[in-house]
There are 2 protein chains.
Amino acid sequence: MLQLQKGVQLLMDNKQIPDIVVGRLPLYLRTLQKMARETIQVTSSLELGERLGISAAQIRKDLSQFGEFGKQGTGYNIPFLIERIREILHIDRVWDVAVVGAGDVGRALARYQGFADRGFRVVMIFDNNPDVIGTLVADFTVQNTAGLVEAIQNAGIKVAMVSVPADQAQSVTDQLISAGVKAILNYAPISLSVPEGVWVQYIDPAVHLQRMAFYLA
Amino acid sequence: MLQLQKGVQLLMDNKQIPDIVVGRLPLYLRTLQKMARETIQVTSSLELGERLGISAAQIRKDLSQFGEFGKQGTGYNIPFLIERIREILHIDRVWDVAVVGAGDVGRALARYQGFADRGFRVVMIFDNNPDVIGTLVADFTVQNTAGLVEAIQNAGIKVAMVSVPADQAQSVTDQLISAGVKAILNYAPISLSVPEGVWVQYIDPAVHLQRMAFYLA
DNA sequence: GAAGCATTGTGAAATGTACCACAAAATCTT
DNA sequence: AAGATTTTGTGGTACATTTCACAATGCTTC
Ligand SMILES: NC(=O)c1ccc[n+]([C@@H]2O[C@H](COP(=O)([O-])OP(=O)(O)OC[C@H]3O[C@@H](n4cnc5c(N)ncnc54)[C@H](O)[C@@H]3O)[C@@H](O)[C@H]2O)c1
Ligand SMILES: NC(=O)c1ccc[n+]([C@@H]2O[C@H](COP(=O)([O-])OP(=O)(O)OC[C@H]3O[C@@H](n4cnc5c(N)ncnc54)[C@H](O)[C@@H]3O)[C@@H](O)[C@H]2O)c1
């Protein structure tokens, strides 16, 4: 039986971690959590890599950036590795998230139950349409965007998802940033301009489809 | 006034194009189309790069993989470049797309008007829940998944979006592949296993949020 | 407890990607 | 029409990422 490692320290404060490595950690975590639900206790870089379509060497090298989490001859203790990755990604806590735009996408996000065990919780949703403001989405009353900056500032929210039309996305983003938001997941099909110290990620299904179309005859 | 280049040929049949370059073309295209809507006729790698947060050299190098689309001293004719990128990505046509899973995400995708001018068109939507089958989503009647393989095969559909729960996604994927689908956009938070010659892209907002959380204090 | 097997962590090598810098070419200015 | 200005396309270089390959280590079996 694999013992829980003691006194393991996360490195990473010295080194500069490549962004591409950071980007793979959530994928490792997602698969490890699935294995944990299958009550698998231990895995190897080889097995994990097969599930992910990533080489075993890649996984070992990536994890070695942050510490020594495995055991030679045995592999990785899954619950232990899950906790280490959660620490590294700062999701060994729950981040409150605001959603702006209570249309099809915003409502789907507000109702989605899948964020809970992955470090995030939607806590408010905004819209600027009088017909939508005041209606219920999941457990939330849709709030007026007019009060967005104050509400987000007061709640200390650092993470937001933007699901407004493209021509509104930059303006909404500017408001979010002035309210102290540091991480924005943008569903609008437009590149946002943000100051240093604010992170943006994009979700645009057409971009993914177009990318795949290149490889279609 | 910039003349429309004549006799320009796409290269690319010889060379192996890096996937990372292919992945940037949809972003270039999205921004070029926005500029076109602003009735801008001509741009430079510098201006395009500023809008995208990408270096001018990168853009020039990427485009040069496929041909010579610009004019020294002037830059790129936007409508011309848009057409070239649409050709390269094989979206100088419309791809019919099937959606599987008529829940919040699937319905949002079926109702979304933003695919039309980007090379894709949702033409059918499936579910396996008797309460959902037969209901209307946008203009579509939700079809029973039991008939999925036959319907997709008959329609010759090559592209699908999967928005079923994670534990159903691999099974749905296998059916899609047996029906001849070659490109799958998967919204379920799970890595899919597919044979050679089938492409998968993933959309998982939690992955993006987790990635950004790394950079939050 | 020794032999055999599995698997990590990691330098070194190989491969891939981004950036620099400049000649060439087109346009603009006077 | 000559010189100044702009901007492309690209060879070369610097930097980044992935893969290789193996010593070290721990587990399993006899
Ligand atoms: N529906 C999809 O499947 C899908 C797919 C890809 C991308 N998108 C993008 O996601 C975004 C939202 O899509 P949707 O389908 O939910 O659109 P939608 O029209 O259903 O919803 C947009 C909502 O934003 C609100 N809004 C507009 N301006 C606002 C502002 N300034 N402040 C606050 N709220 C504002 C509107 O009142 C509306 O309720 C769009 O940018 C769209 O292009 C949607
Ligand atoms: N809602 C969101 O914002 C969101 C965000 C991220 C990821 N996702 C993921 O997207 C997927 C869909 O999410 P959702 O919120 O729309 O869920 P949902 O429960 O609203 O919809 C899922 C639909 O799939 C149908 N379904 C189940 N098994 C099926 C099968 N074998 N064949 C055909 N249809 C089947 C169900 O009947 C249901 O209608 C899930 O995997 C979810 O984790 C959703």
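As a basis for the values below, the full set of heavy atoms in this structure was taken, side chains included, without hydrogen atoms, waters or symmetry mates. Chain letters run A, B, ... following the sequence lines, proteins first and then strands; every chain starts at 1.
Within 6.0 Å of atom CZ in B:Arg51, more than 12 heavy atoms from other residues, nucleotides or ligands are found, so the atom counts as buried in its surroundings. No more than 12 heavy atoms of other residues, nucleotides or ligands sit less than 6.0 Å from atom CD of B:Gln113.
For the side chain to side chain donor-acceptor pair (under 3.5 Å) test, no residue two or more places apart in sequence or in another chain qualifies with B:Gln72. A:Tyr28 pairs by the ring-ring contact (aromatic ring centres under 6.0 Å, His included) definition with nothing, not counting sequence neighbours. With sequence neighbours left out, the salt bridge (charged side-chain N to carboxylate O under 4.0 Å, His left out) criterion links A:Asp174 to no other residue. In terms of the side chain to side chain donor-acceptor pair (under 3.5 Å) criterion, residue partners of B:Thr43 (sequence neighbours excluded) are, by chain and number, B:Glu47. Considering only residues two or more places apart in sequence or on other chains, A:Arg37 meets the side chain to side chain contact (heavy atoms under 4.5 Å, CB included) condition with A:Gln33, A:Lys34. A:Asp62 is linked by a salt bridge (charged side-chain N to carboxylate O under 4.0 Å, His left out) to A:Arg24, counting only residues two or more places apart in sequence or in another chain. Applying the side chain to side chain donor-acceptor pair (under 3.5 Å) test to A:Ser45 and every residue at least two apart in sequence or in another chain returns A:Arg60.
Checking the phosphate oxygens (OP1, OP2) of C:dA18, a side-chain nitrogen or oxygen of B:Arg24 falls inside 4.0 Å. For the pair B:Ser55 and C:dA18, the criterion of a side-chain N or O lying under 4.0 Å from OP1 or OP2 is not met.
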All N/O contacts under 3.5 Å from nucleotides 14-16 of chain C to the protein, with atom names and distances to one decimal?
none

Listed pairs under 3.5 Å, donor-acceptor, residues 200-217 of chain A side chains, sequence neighbours left out:
{"from": "A:Gln201", "atom 1": "OE1", "to": "B:His208", "atom 2": "ND1", "distance (Å)": "2.8"}
{"from": "A:Tyr202", "atom 1": "OH", "to": "A:Leu192", "atom 2": "N", "distance (Å)": "2.9"}
{"from": "A:Tyr202", "atom 1": "OH", "to": "A:Leu192", "atom 2": "O", "distance (Å)": "3.4"}
{"from": "A:Asp204", "atom 1": "OD1", "to": "A:Ala206", "atom 2": "N", "distance (Å)": "3.0"}
{"from": "A:Asp204", "atom 1": "OD1", "to": "B:Arg118", "atom 2": "NH1", "distance (Å)": "3.2"}
{"from": "A:Asp204", "atom 1": "OD2", "to": "B:Arg30", "atom 2": "NH1", "distance (Å)": "2.9"}
{"from": "A:Asp204", "atom 1": "OD2", "to": "B:Arg118", "atom 2": "NH1", "distance (Å)": "3.2"}
{"from": "A:Asp204", "atom 1": "OD2", "to": "B:Arg118", "atom 2": "NH2", "distance (Å)": "2.9"}
{"from": "A:His208", "atom 1": "ND1", "to": "B:Gln201", "atom 2": "OE1", "distance (Å)": "2.7"}
{"from": "A:Gln210", "atom 1": "NE2", "to": "B:Arg118", "atom 2": "O", "distance (Å)": "3.0"}
{"from": "A:Arg211", "atom 1": "NH2", "to": "B:Asp19", "atom 2": "OD2", "distance (Å)": "3.0"}
{"from": "A:Tyr215", "atom 1": "OH", "to": "B:Asp19", "atom 2": "OD1", "distance (Å)": "2.4"}

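Where the helix from C:dG1-D:dC30 to C:dT30-D:dA1 starts and where it ends, the local axes point in directions that differ by 20°; five pairs per end, rounded to 10°.
Following rounding to the nearest Å, B:Leu81 (CG) and D:dT7 (P) show an atom-to-atom distance of 15 Å. In this structure, the CG atom of A:Asp19 is 11 Å from the P atom of D:dT18, given to the nearest Å. Going from atom CD1 of A:Ile59 over to atom P of D:dT19 covers 11 Å, rounded to whole Å. Protein atom CD1 of A:Ile17 is 11 Å distant from nucleotide atom P of D:dT17, rounded to whole Å.
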Nucleotide-resolved protein contact map, nucleotides 1-10 of chain C, B/S/- at heavy-atom distance under 4.0 Å: -----BBBBB

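For residues 152-164 of chain B, no pair satisfies side-chain hydrogen bond (donor to acceptor under 3.5 Å, both in side chains), with sequence neighbours left out.
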